[in-house]
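What you are looking at is a predicted structure, and each value in this text was computed from that prediction instead of being measured. Chain A is the first sequence line, chain B the second, and so forth, proteins listed ahead of strands; every chain is numbered from 1.
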2 protein chains.
Amino acid sequence: MNIGEAAALASLPPKTIRYYEEIDLIHPARAGNGYRDYSETDIHRLQFLQRARSLGFTIEECRMLLSLYEDEHRASADVRAVAMEKIGEVDRKIAELRSMKATLTRLVDSCHGDARPDCPILEDLAGGTAVCGGHR
Amino acid sequence: MNIGEAAALASLPPKTIRYYEEIDLIHPARAGNGYRDYSETDIHRLQFLQRARSLGFTIEECRMLLSLYEDEHRASADVRAVAMEKIGEVDRKIAELRSMKATLTRLVDSCHGDARPDCPILEDLAGGTAVCGGHR
DNA sequence: CATGCACCTTCCAGCAGGTGGAAGGTCAAG
DNA sequence: CTTGACCTTCCACCTGCTGGAAGGTGCATG
């Protein structure tokens with residue numbers, strides 16, 4: 001199966017699939033004409049990657065999950081630990097975004113928002129106490 | 001004032017401050033020895049940038065906010081519009097993260113997490129059709 | 001058979017927003 | 001005079017792709 005069809009089945013752009021090959025996440029066969037030739041197993045792997053990426057796992061985490069997936073003797077606790085760590089990360093990001101939103105909302109509420117030049121938002125950015133949690 | 005001191009006052013790494021200069025967000029003077037020499041105004045600008053970045057504004061948005069900040073005839077409504085658009089973005093990101101978290105939590109809850117190899121998390125990532133551990 | 005078009009290939013460049021390190025200049029203390 | 005903390009520039013690298021150029025392939029239509 002050509003890359004275009006594989007892309008449709010996995011809901012991934014062809015470019016992304018080639019990129020995944022470049023970083024050794026997948027190794028499709030080649031047809032006689034040089035085209036990549038994806039097997040059912042390859043499609044499965046790509047779908048696995050698409051789902052894991054959409055859940056927020058990084059490429060390296062996907063690599064780990066794939067190797068766990070293909071290890072007959074893995075412990076489910078190992079997979080669970082990866083997922084729980086990811087939940088923690090997602091929680092931290094949510095908290096940070098909520099803090100950002102609270103500050104932005106306060107700024108917007110304090111701004112009259114008309115044609116006058118005086119603006120509490122800019123005043124706050126220029127010297128207020130708007131530091132709300134590091135974002136890095 | 002040298003870059004190190006400016007960095008401390010603005011809560012930004014020196015590398016980042018040099019980067020901001022490279023992309024024309026700031027233009028410090030130079031001392032006789034070639035060192036960058038930051039004025040009070042420069043520090044102010046850097047602090048403005050640090051706060052705006054920590055609120056999630058992109059570099060280009062920061063550039064716009066800075067030019068609004070320095071425009072005596074701006075309308076506060078313009079600034080308010082930028083901030084409100086950013087609130088919308090933050091909201092969208094929060095919603096997406098909450099959806100991720102819900103799925104991850106469901107997966108983790110369904111996984112016994114012991115030494116056995118069967119794992120609902122991997123089964124779900126694989127599409128629910130594959131037998132866990134029987135792959136390849 | 002030519003033509004056109006969609007598809008495939010490789011390779012190179014670039015996005016945001018920095019970070020790391022090498023190689024070297026400067027300055028104050030001991 | 002030496003040490004160490006600064007500072008300088010420059011170049012490469014990070015994540016996770018994405019865009020585009022230049023060219024090969026496959027198939028339908030005229």
Side-chain angles (χ1 to χ4, degrees), chain A residues 1-39 42-43 45-46 48-66 86 89-90 93 96 100 134-136, chain B residues 1-39 42-43 45-46 48-66 86 89-90 93 96-97 100:
Chain A
M1 172 186 323
N2 284 349
I3 199 171
E5 199 180 344
L9 289 173
S11 309
L12 286 171
K15 279 276 192 188
T16 299
I17 296 179
R18 289 193 197 99
Y19 172 68
Y20 287 171
E21 181 177 350
E22 194 184 319
I23 61 175
D24 290 320
L25 280 177
I26 190 160
H27 305 283
R30 293 290 175 140
N33 57 9
Y35 287 15
R36 288 170 180 83
D37 186 17
Y38 295 87
S39 67
D42 291 329
I43 301 303
R45 248 179 117 88
L46 289 172
F48 186 106
L49 286 167
Q50 193 278 324
R51 290 200 183 90
R53 289 287 300 130
S54 76
L55 283 174
F57 291 102
T58 66
I59 291 287
E60 286 317 303
E61 284 161 349
C62 289
R63 201 189 296 282
M64 191 192 326
L65 288 171
L66 267 178
K86 186 53 62 178
E89 280 171 40
V90 169
K93 280 185 197 164
E96 190 180 323
M100 280 184 200
H135 65 104
R136 270 180 295 263
Chain B
M1 165 185 331
N2 283 350
I3 198 171
E5 198 180 343
L9 288 174
S11 309
L12 287 172
K15 280 275 194 189
T16 298
I17 296 180
R18 288 193 199 98
Y19 172 68
Y20 286 172
E21 181 177 350
E22 194 184 319
I23 61 175
D24 290 319
L25 280 176
I26 190 160
H27 306 283
R30 293 289 175 141
N33 56 10
Y35 288 15
R36 288 170 181 83
D37 186 17
Y38 295 86
S39 68
D42 292 330
I43 301 301
R45 248 179 119 87
L46 289 172
F48 186 105
L49 286 166
Q50 192 278 327
R51 289 201 183 92
R53 288 289 299 130
S54 79
L55 283 174
F57 290 102
T58 66
I59 291 287
E60 287 317 302
E61 284 162 348
C62 289
R63 199 188 298 280
M64 192 192 326
L65 288 170
L66 267 178
K86 187 53 62 177
E89 279 172 39
V90 169
K93 280 185 197 163
E96 195 185 341
L97 287 171
M100 281 183 199

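- Comparing F57(B) and K15(B), the nucleotide of DNA chain C nearest to each residue sits closer to the 5' end for F57(B).
- Using a 4.0 Å cut-off between charged nitrogen and carboxylate oxygen, E22(B) and R36(B) do not count as a salt-bridge pair.
- Separating the CG atom of D37(B) from the P atom of dC7(D) is a distance of 12 Å, rounded to the nearest angstrom.
- Looking only at distances, a side-chain donor or acceptor of N33(B) sits under 3.5 Å from a matching main-chain atom of Y35(B).
- Of the two residues near DNA chain C, T58(B) and P14(A), the one whose nearest nucleotide lies more 5' is P14(A).
- The CD atom of E5(A) sits 16 Å away from the P atom of dG26(D) (whole-angstrom rounding).
- Residue I3(A) is classed as a sugar-phosphate contact, given heavy-atom separations below 4.0 Å to backbone atoms only.
- Across the protein-nucleic acid pair, E22(B) atom CD and dT8(D) atom C1' stand 14 Å apart, rounded to whole Å.
- R36(A) comes within 4.0 angstrom of sugar-phosphate atoms only, judged by non-hydrogen atoms across all strands, and of no base.
- In this structure, Y19(A) atom OH and dT10(C) atom C1' are separated by 17 Å, rounded to whole Å.
- Rounded to an integer number of Å, the gap from CD of E21(A) to P of dT10(C) is 7 Å.
- We find that CZ of R53(B) is positioned 4 Å from P of dG18(C), with the value rounded to whole Å.
- Checking side-chain atoms of K86(A) against main-chain N and O of G56(A) turns up a donor-acceptor pair under 3.5 Å.
- With D37(B) contributing its side chain and R30(B) its backbone, the two residues share no donor-acceptor pair below 3.5 Å.
- Contact between the side-chain N/O atoms of R18(B) and the OP1/OP2 oxygens of dG17(C) is not found at any separation under 4.0 Å.
- Heavy-atom nearest nucleotides on DNA chain D were determined for G4(B) and for E60(A), and the one closer to the 5' end corresponds to G4(B).
- Considering L49(B), I3(B), D42(B) as possible partners of I17(B), the one that fulfils the side chain to side chain contact (heavy atoms under 4.5 Å, CB included) test is I3(B).
- Atom CG of N33(B) is separated from atom P of dA28(C) by 9 Å (rounded to the nearest Å).
- In this structure, T16(A) does not reach the dG16(D) phosphate: none of its side-chain N or O atoms is under 4.0 Å from OP1 or OP2.
- Taking atom CE of residue M1(A) and atom P of nucleotide dG26(D), one finds them 18 Å apart after rounding to whole Å.
- At a cut-off of 3.5 angstrom, the base of dG26(D) holds no donor-acceptor pair with the side chain of Y35(A).
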